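The structure displayed is predicted, hence computed values, not measured ones.
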Amino acid sequence: MSWHEIIKRLEIRLAKPLPGDTAHEPLRASPTGLIKPKFEHQVPPRPGSVLILLYPEGERLKFPLTKRQEYVGTHSAQVSFPGGKSEPDESYLETALREAEEEIGVPADQVKVIGKLSPFFVIPSNFLVTPVVAFAERKPVFTPQLSEVDKIIEGDVEELLREDAVIVKEIVAAKIYPMLAPHFEIEGEVVWGATAMMLNEFRMVMKEVYHP
């Protein structure tokens with residue numbers, strides 16, 4: 001299939017009912033130690049968006065992820081999609097495109113939005129995130145926002161679709177909490193938690209696109 005045929009099929013599939021929790025739950029990490037994280041939010045979830053940006057490279061279809069800088073916070077040094085919190089009166093599309101331009105340097109006019117995945121509640125940070133799916137005709141020139149992004153990682157769709165793509169091992173979250181974490185390994189980095197759960201929904205959808 002050509003890239004355009006794949007993207008057209010994906011656009012049609014994204015307009016239909018999505019797997020949602022069926023895709024999310026198998027990738028949810030579970031505490032294994034005596035000390036377990038507790039999250040008690042007193043306010044409604046904050047809206048946010050991430051961008052799953054597909055682009056061709058040679059004969060492969062790829063997408064960028066970011067490894068965050070280390071900082072004092074919930075998602076320090078974790079791998080995630082470009083994205084973040086919505087500004088007041090900003091739509092989820094505007095958020096995803098703005099954050100991608102800020103974090104990885106891809107202008108909004110270089111991408112075509114083709115749909116979205118299921119909204120996802122990120123418990124630790126109290127965000128309700130909308131994953132936006134888009135396509136760029138050619139590989140963008142990435143410019144990481146160094147204050148937030150340690151490096152940009154490039155995922156490969158065909159590698160993501162492998163039957164053995166999901167790996168399970170114990171990790172230590174926030175340097176305190178041991179977790180049994182189903183995850184993906186992309187360019188040597190562990191992609192787990194909320195990003196892995198959203199990525200697994202994308203994976204399930206793409207399997208239908210490639211093998212209808």
Q. If two hydrophobic side chains count as joined below 4.5 Å and joins carry through other members, does Val149 share a cluster with Ile153?
A. no

**Q.** Minimum heavy-atom distance between Leu61 and Pro56, given as atom pair plus value
**A.** CD1-N, 4.2 Å

Q: Determine, using the 4.5 Å side-chain heavy-atom cutoff (strictly less than), whether Trp3 and Val133 are members of one ILVMFWY cluster.
A: yes

Q. Nearest 0.5 Å, what's the CZ-NZ distance between Arg13 and Lys207?
A. 13.5 Å

**Q.** Residues in salt bridge (charged side-chain N to carboxylate O under 4.0 Å, His left out) contact with Lys85, at least two apart in sequence or another chain
**A.** none

**Q.** Co-membership, hydrophobic cluster, residues Val157 and Phe142, 4.5 Å side-chain
**A.** no

Q) Is the backbone of Ile167 close enough, under 3.5 Å, to the side chain of His183 for a donor and an acceptor to pair up by distance? A) yes

Q: Grab the two heavy atoms, one from Val132 and one from Ala96, that are nearest each other, plus how far apart they are.
A: CG2-CB, 3.7 Å

**Q.** Distance (rounded to the nearest 0.5 Å) between Leu14 CG and Lys116 NZ
**A.** 9.5 Å

Q.
Less than 4.5 Å apart, side chain to side chain, heavy atoms only: is that true for Val205 and Glu208?
A. no

Q.
Once rounded to the nearest 0.5 Å, what's the spacing between atom CZ of Arg98 and atom CG of Leu51?
A. 12.5 Å

Q | Shortest non-hydrogen contact from Ala196 toward Leu27 | A | O-CG, 3.9 Å

Q | Other residues, nucleotides, ligands: >12 heavy atoms within 6.0 Å of Glu59 CD | A | no

Q) Are the side chain of Arg162 and the backbone of Val166 linked by a donor-acceptor contact shorter than 3.5 Å? A) no

Q) Do you know which two heavy atoms are closest between Met198 and Leu117, and how far apart they sit? A) O-CD1, 3.8 Å

(Q) Less than 4.5 Å apart, side chain to side chain, heavy atoms only: is that true for Trp192 and Gln78? (A) yes

(Q) Check this for me, if you would: do Glu25 and Arg28 make a salt bridge, where the nitrogen-to-carboxylate-oxygen distance has to be below 4.0 angstrom? (A) yes

Q | Non-hydrogen side-chain atoms of Met179 and Pro31 separated by less than 4.5 Å | A | yes

Q.
Do Leu128 and Pro47 have side chains that approach each other closer than 4.5 Å (heavy atoms only, starting at C-beta)?
A. no

Q) With distance as the sole criterion, is a donor-acceptor pair present between the side chains of Tyr55 and Gln110 under 3.5 Å? A) no

Q. For the atom pair CD (Glu158) and NZ (Lys62), what is the distance rounded to the nearest 0.5 Å?
A. 10.5 Å

Q. Would you say Lys112 has more than 12 foreign heavy atoms packed within less than 6.0 Å of its NZ?
A. no

**Q.** Within-4.5 Å side-chain heavy-atom neighbours: Phe202 and Leu160
**A.** yes

Q: Before giving the answer on side-chain contact (heavy atoms from CB on, under 4.5 Å), spell out for Asn126 and Phe121 the whole-Å C-alpha distance, their side-chain angles and the decisive distance to 0.1 Å.
A: CA-CA 7 Å; Asn126 196 34; Phe121 178 42; 3.5 Å; yes

Q: For Thr95 and Ser49, test the side chains for any donor-to-acceptor distance below 3.5 angstrom and give the result as yes or no.
A: no

Q. Are side-chain N/O atoms of Ser118 and Glu201 paired as donor and acceptor at under 3.5 Å?
A. yes

Q: Describe, in one word, how the ring planes of Phe81 and Phe63 are oriented to each other, choosing from parallel (under 30°), tilted (30 to 60°) and perpendicular (over 60°).
A: tilted

Q) Under 4.5 Å between any side-chain heavy atoms of Leu54 and Leu10, yes or no? A) yes

Q.
With a 4.5 Å cut-off on side-chain heavy-atom distances among I, L, V, M, F, W and Y, is there a chain of contacts connecting Val113 to Val129?
A. no

Q. With a cutoff of under 4.5 Å between side-chain heavy atoms, which Ile, Leu, Val, Met, Phe, Trp and Tyr residues group with Leu180?
A. Val168

**Q.** All salt bridge (charged side-chain N to carboxylate O under 4.0 Å, His left out) counterparts of Asp156, not counting sequence neighbours
**A.** Arg60

Q: Quick one: closest heavy-atom pair of Ala29 and Pro182, and the distance?
A: CA-CD, 4.1 Å

Q) Between Glu102 and Glu148, does a side-chain contact (heavy atoms from CB on, under 4.5 Å) hold up when you go through it step by step? A) CA-CA 10 Å; Glu102 290 175 2; Glu148 294 187 23; 5.8 Å; no

Q: Measure the spacing between CD of Glu57 and CD of Glu154 and express it to the nearest 0.5 Å.
A: 5.0 Å

Q.
So which atom in Val79 and which in Glu189 form the shortest heavy-atom distance, rounded to 0.1 Å?
A. CG2-CB, 3.9 Å

(Q) So does Gly83 get a backbone contact from the side chain of Glu103, meaning a donor-acceptor N/O pair under 3.5 Å? (A) yes

Q | Verdict with supporting geometry, Leu199 and Ile186, side-chain contact (heavy atoms from CB on, under 4.5 Å) | A | CA-CA 12 Å; Leu199 189 55; Ile186 299 177; 4.2 Å; yes

Q: Verify the neighbour count for atom CG of Asp89: are there more than 12 heavy atoms of other residues, nucleotides or ligands below 6.0 Å?
A: no

Q: Check step by step if side-chain contact (heavy atoms from CB on, under 4.5 Å) holds for Ile6 and Met206.
A: CA-CA 9 Å; Ile6 291 170; Met206 288 303 294; 4.1 Å; yes

Q | Cationic N near anionic O, under 4.0 Å, Glu187 to Lys151 | A | no

